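Remember, it's a predicted structure, so these values are computed and weren't measured experimentally.
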Amino acid sequence: MKKKALSLLLASAMVVSLTACGGGNSEPSQPAADSNNGNAAADSNNGGDAAADSNNGGDAAATGDVDYHEVLGDTGLNIVVNGTVTASLDNGQAEFKQQWEEAVGIPLTIQQMDHSGYTDAVGRLFASQEYPDAMIMSADMFKQYAPTGILWDMSEAYKNADFQERMILPTINENLMDSEGHLYGFAYAYGNGCVTYVKQAWLDAVGMSIDDIKTYDDYYAMLKAFHDQDPDGNGTTGDTYGVVAAGFIGNEAPYINYLPEFWQDAYPSLIQGEDGVWYDGFQTEETKAALERLRQAYVDGCIDPETLTAQTKTAREKWFSNNQTGSSGVFTYWAGTWYQTLTDNLIKNEVDENLVQLPPIAEVGAYLNREAPVWVIIDSGDPVRNQAVFDALIETMMDGDVVQTLWTYGAEGVHWSTEAEEFTTNPGTDQEKKYSYADGEFHLKPSPNDPNSVWKKNLIDPALVICELTNGFAAQTELAAEGNKFFTENCVDAPAAPMSETFTNETGTIFDAKLAVITKVVVEGGDIEAAMQEYVNTVGSIIDQCLAELNQ
């Protein structure tokens with residue numbers, strides 16, 4: 001880490017903005033790394049041949065020739081990541097790091113922060129003015145930090161990058177450029193979103209079919225049956241719930257993705273209307289109707305009461321727990337790879353693993369495809385160093401071969417292999433499955449911290465790539481492929497998140513005011529109009545200032 005000068009005013013603004021946001025319940029599109037199972041696999045391989053010469057320095061736009069080995073060789077590269085890097089400390093990170101260093105040719109320091117509290121942790125890190133070279137940010141975090149001057153404008157480096165010739169989805173990053181053409185973050189994949197999963201065994205227990213769930217009334221009847229009847233088969237009614245979620249509302253865009261059936265046409269954030277004018281969607285009649293629905297569901301036991309305070313990890317672990325008493329039949333979570341991950345965890349906990357995906361009900365229409373997470377580079381004040389960081393991290397990450405494979409699938413011999421191999425997961429159980437691969441056949445291996453679960457990916461989901469992987473390596477389970485297909489056929493892009501100086505500085509305060517309304521109305525049964533008035537009294541002037549800036 002390195003010190004970087006920053007005004008006290010800016011530092012204070014960012015701390016208030018980010019640490020006021022609570023636990024940070026937003027979740028990127030793929031699994032956060034587990035940290036409670038075993039040790040990393042022993043050293044077992046090398047990193048293969050070094051990345052192509054075109055990635056080892058290259059011609060740096062606007063800064064002259066830059067060899068990142070010379071610029072970064074002594075200090076190496078320091079990055080901060082969240083749980084979307086699944087090669088965690090107990091899950092093969094040492095081997096990933098070793099093979100990356102062998103391929104790229106410089107030292108790598110990885111600081112992996114707690115996933116659920118990532119937003120707060122980054123706020124505290126920046127408040128201390130201890131900055132990494134680069135880090136992962138959610139789309140919402142990125143929009144908060146982009147106007148601050150902390151992030152380097154990588155537009156020229158991006159336009160002149162070698163990976164442009166392999167780009168298959170260029171609009172993802174082109175859309176991240178501001179009105180003046182600045183690019184402060186690089187999206188390494190497209191966004192993805194959440195879909196609603198339902199336990200088939202619970203549907204069978206209450207005599208329902210997923211094909212009959214077409215409207216909100218149908219959805220609500222299903223939730224009520226999951227609470228009022230005995231879907232877990234323990235002989236007791238009323239000890240299960242319809243749905244559990246990581247909060248009634250998210251603190252990052254798209255805000256409503258964990259309970260879309262309740263929010264429907266409401267979007268409780270600053271949003272741009274069809275006429276181009278920004279307004280506060282939280283104060284609309286649609287949001288009030290959504291709060292009414294949430295309150296009734298809370299009273300009826302359709303929503304797990306822990307939803308108010310649950311982190312993403314808490315919600316998902318309760319859902320696939322070995323003890324289904326107190327669990328729920330419905331869980332809206334990330335599409336694609338998570339279809340497989342949730343199924344694997346049900347198997348691991350000896351719970352019926354059959355899940356079905358609920359097509360969007362009529363009132364919802366489509367699930368939301370969120371804006372993509374990004375890598376950002378902290379502006380060191382030295383354009384040569386900034387370019388070197390881009391070349392060492394992002395240029396190599398999209399090399400189409402060795403390094404991109406590391407970021408996509410992890411370490412060779414630890415997370416994946418092309419050597420002949422046979423292994424069995426869940427031996428001696430009803431879920432036993434045997435795997436056999438011939439020499440030269442690319443395949444994923446058992447996870448280092450869970451030999452009964454096959455590894456899925458590292459950071460980059462192979463189904464969400466924006467830049468072609470040219471070595472032909474591809475591994476996607478049938479469930480993951482089915483999940484990605486289901487989502488892409490049933491999604492629309494989420495509304496663009498607002499970007500204004502006041503919104504950046506006051507995001508935490510605004511979220512706290514929304515959460516106070518939700519708590520008062522949904523949990524305590526308070527009057528909606530009174531709670532909304534308190535919201536206006538608390539943050540009305542802040543909202544007005546945000547809208548004035550957005551509507552200039």
Test item: [X] side-chain N/O and [Y] main-chain N/O as donor-acceptor pair under 3.5 Å:
X	Y	value
H182	A146	no
S447	S453	yes
N78	P132	no
N323	T325	yes
N173	A187	yes
T215	D218	yes
R316	Q311	no
S327	K318	yes
T86	N458	yes
T307	V244	no

Please tell me whether [X] and [Y] have a donor and an acceptor in their side chains that are separated by less than 3.5 angstrom.
X	Y	value
S138	D140	no
T343	E353	no
T502	N505	no
S155	D153	yes
E252	T119	yes
E292	Q296	no
T240	D232	no
Q340	T477	yes

Roughly how far, to the nearest 0.5 Å, is the [atom2] atom of [Y] from the [atom1] atom of [X]?
X	Y	atom1	atom2	answer
N251	M141	CG	CE	10.5 Å
W455	N91	CH2	CG	4.5 Å
D304	F226	CG	CZ	14.0 Å
M398	L393	CE	CG	9.0 Å

So which heavy atom on [X] is nearest to which on [Y], and how close?
X	Y	result
Y367	P260	CE2-CG, 4.3 Å
C546	I510	SG-CD1, 4.3 Å
K456	D344	NZ-OD2, 2.7 Å
N82	Q112	O-NE2, 3.0 Å
V522	L291	CG2-O, 4.1 Å
P231	V206	CB-CG1, 4.4 Å

Please check if the distance between the ring centroids of F126 and Y145 is under 6.0 Å.
yes

Ring centres of Y188 and W407 under 6.0 Å apart?
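Between Y188 and W407, the centre distance exceeds or equals 6.0 Å.
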
Could you go through the side chain to side chain donor-acceptor pair (under 3.5 Å) check for T196 and E261 one step at a time?
CA-CA 9 Å; T196 296; E261 290 83 7; 2.7 Å; yes

Can you confirm whether [X] is buried at [atom1], in the sense that more than 12 heavy atoms of other residues, nucleotides or ligands lie under 6.0 Å from that atom?
X	atom1	value
K514	NZ	yes
E478	CD	no
E501	CD	no

side-chain contact (heavy atoms from CB on, under 4.5 Å) between Y118 and T84, intermediate numbers included
CA-CA 11 Å; Y118 188 65; T84 53; over 6 Å; no

After noting the C-alpha distance and the side-chain angles of C302 and H227, does the key distance pass the side-chain contact (heavy atoms from CB on, under 4.5 Å) rule?
CA-CA 6 Å; C302 293; H227 175 65; 5.6 Å; no

Pairs satisfying ring-ring contact (aromatic ring centres under 6.0 Å, His included), at least one member in residues 264-303, at least two apart:
Y255-Y267, F282-Y535

Note, [X] side chain near [Y] side chain (heavy atom, < 4.5 Å):
X	Y	value
Q545	E506	no
L270	I543	yes
V198	I210	yes
E286	W263	no
D379	L151	no
K457	T408	no
I249	P268	yes
F262	I256	no

Who passes salt bridge (charged side-chain N to carboxylate O under 4.0 Å, His left out) against [X], sequence neighbours left out?
X	answer
K199	none
K214	none
D300	none
E174	none

Show the numbers, then the answer: is there a side-chain contact (heavy atoms from CB on, under 4.5 Å) between V364 and D265?
CA-CA 7 Å; V364 171; D265 55 351; over 6 Å; no

Run W375 and F186 through ring-ring contact (aromatic ring centres under 6.0 Å, His included) and show every step you take.
CA-CA 5 Å; W375 280 100; F186 173 77; 9.2 Å; no

When you measure from the centre of the six-membered ring of W334, is the NZ or CZ of R370 closer than 6.0 Å and no more than 45° off the axis?
yes

Take N369 and Y190, measure what side-chain contact (heavy atoms from CB on, under 4.5 Å) needs, and give me the verdict at the end.
CA-CA 9 Å; N369 179 42; Y190 72 81; 4.2 Å; yes

Electrostatic pair K288:E285 at N-O distance under 4.0 angstrom
yes

Applying side-chain contact (heavy atoms from CB on, under 4.5 Å), name anything that partners A139, two or more places apart in sequence or on another chain.
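Only E371 meet the side-chain contact (heavy atoms from CB on, under 4.5 Å) criterion with A139.
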
Passes ring-ring contact (aromatic ring centres under 6.0 Å, His included), Y333 versus Y197? Steps please.
CA-CA 7 Å; Y333 213 56; Y197 300 98; 8.0 Å; no

